[in-house]
2 protein chains.
Amino acid sequence: MSTKWLNYIVNKMKKTKDTSTETGILNAAKRVFIKKGMTGARMQEIADEAGINKAMLHYYYRSKELLFEAVFKNAFSMLAPKLNKVMNADVPLFKKIEDFTSSYISFVVKHPYIPTFVIQELNRNPDFVKNLVAEEHFPNIEVFKKQVEKCIENKTIKPINTEQLFINILALTIFPFIGAPLLMGFTRTNKKQYKDLMKQRKTEVAQFIINAIKV
Amino acid sequence: MSTKWLNYIVNKMKKTKDTSTETGILNAAKRVFIKKGMTGARMQEIADEAGINKAMLHYYYRSKELLFEAVFKNAFSMLAPKLNKVMNADVPLFKKIEDFTSSYISFVVKHPYIPTFVIQELNRNPDFVKNLVAEEHFPNIEVFKKQVEKCIENKTIKPINTEQLFINILALTIFPFIGAPLLMGFTRTNKKQYKDLMKQRKTEVAQFIINAIKV
DNA sequence: GTCTATAGCCAGATAGAC
DNA sequence: GTCTATCTGGCTATAGAC
């Protein structure tokens, strides 16, 4: 009886320890991969970042490739469902645009490297997209499409292709972060000034989009 | 006398040969670096692409780093002055926006990897920006700024921060290409369908921007 | 599960013949 | 200037002790 109980405790400790190491590795890997990309990242750096040994990385994830996949899916899963939720919410179109841009900019300010990372890696290997679509990781914009078409009928907004509108919304929210170094060069702003621009943006982009489409 | 003339011919032949190999290497390097990035590119692949030997790369450019720099500056110089010319041209604001988006989309269709490459590498090493600004490779948006402010005074357009407008224009023209794989996933389009979207875009983006700002 | 040590490979760079 | 052969170092991955 007491042996059983002891085993339970031991297993629990083991499990806790496992998990803590495993997620520690994943978090370290996220930091390194997201900053340096698949080809730029080094297993040694990930090990250092996790405060453990290189061999452990292989023990838990077998190869760099597999560790990368875990990181990529994790990062992607932070992007897509968020989008899904907002796009398919049951709120008026203009409010939806405001909600989305604002919440998305908040998200990117908190995780600045994620969109760049995802897009960079998708460009490196466009076949990823096929898998992600097949595994239904991509949100569906059908509800949004219906809503846009209804607004066009209503004459609430000017006629516009839903895909183009969707691309425009994403472009205006994501690009300022992906292109930050470039845009800081063009606008001659330093980090702080650029950050202020982004702050201002959070309240203003939605209005830009709404002005563009409202009738 | 005839020796001098002979030397001239020999030098010219040498020089021609040099240049042809040297630019051959640079072009091959552009193709490889722009597709794979600094960390993903391999010197061997560049040599193969140029149809010569790895040793030649070092003979002409000494190191991967220096070859990369040559490629990067070359690629960047294709982006920036184009922008400069349009931004500082002496045409009305709305026409300028139409000219820019249209000519820029044409350019990117022709050289699809360049913006992604430049932005990716600037993110990898943001210090590049400092050098580029210092060496005056970045176009100045002052003329554009004056023009926008004048239009706001005129009440031709709604009040808007020039930097935000500039960012919006770039975002709407560049992002659809950088984010192409991602956007193809969201919109469930294949390459051909997406290309058609971009074609349609070329004539429509400008109007979207103009609608957003016109009074 | 975690470590050290090392195998094995591959990439950038150079030496040296022609 | 151009080639082949080779050095050197760094990186992924594994073997094996504890």
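Just so we're on the same page: letters track the sequence lines, and every chain starts at 1.
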**Message:** I want to verify a distance call: between dT14(D), dT2(C), dC3(D), whose nearest atom is closest to the Ala55(A) side chain?
**Reply:** dT14(D)
**Request:** Measure from the side chain of His58(A), starting at C-beta and using heavy atoms only, and say which of dA13(D), dT14(C), dC3(D) lies closest.
**Result:** dA13(D)
**Asked** How is Met43(A) classified with respect to the nucleic acid when contacts are heavy atoms under 4.0 Å: base, sugar-phosphate, or nothing?
**Response** sugar-phosphate
**Request:** May I ask you to verify if any side-chain N or O of Thr21(B) is less than 4.0 angstrom from the OP1 or OP2 atom of dT2(D)?
**Result:** yes
**Message:** What's Ala41(A) touching, base or sugar-phosphate or nothing? Going by heavy atoms closer than 4.0 Å.
**Reply:** sugar-phosphate
**Request:** Determine whether Asn168(B) and Phe175(A) make a side-chain contact, defined as any pair of heavy atoms from C-beta on separated by less than 4.5 Å.
**Result:** no
**Request:** Ignoring backbone atoms, test whether Tyr59(A) places a side-chain nitrogen or oxygen under 4.0 Å from the OP1 or OP2 oxygen of dT14(D).
**Result:** no
**Asked** More 5' along DNA chain D: Arg62(A) or Arg42(A), using each one's nearest nucleotide?
**Response** Arg42(A)
**Request:** Among dA11(C), dT2(D), dT12(D), find the nucleotide with the atom closest to the side chain of Lys54(A).
**Result:** dT12(D)
**Message:** Please check: side-chain N/O of Asn123(A) versus main-chain N/O of Ile119(A), any donor-acceptor pairing under 3.5 Å?
**Reply:** yes
**Item:** Closest to the Tyr60(A) side chain, choosing from dT2(C), dA13(D), dA13(C)
**Value:** dT2(C)
**Prompt:** Of all the choices, dT14(C), dG1(C), dT4(C), which nucleotide is nearest to the side chain of Asn53(A) once you look at every atom?
**Reply:** dT4(C)
**Complete:** Exactly one of Glu45(B), Glu49(B), Glu121(B) clears salt bridge (Lys or Arg N to Asp or Glu O under 4.0 Å) with Lys36(B), and that residue is Glu45(B)
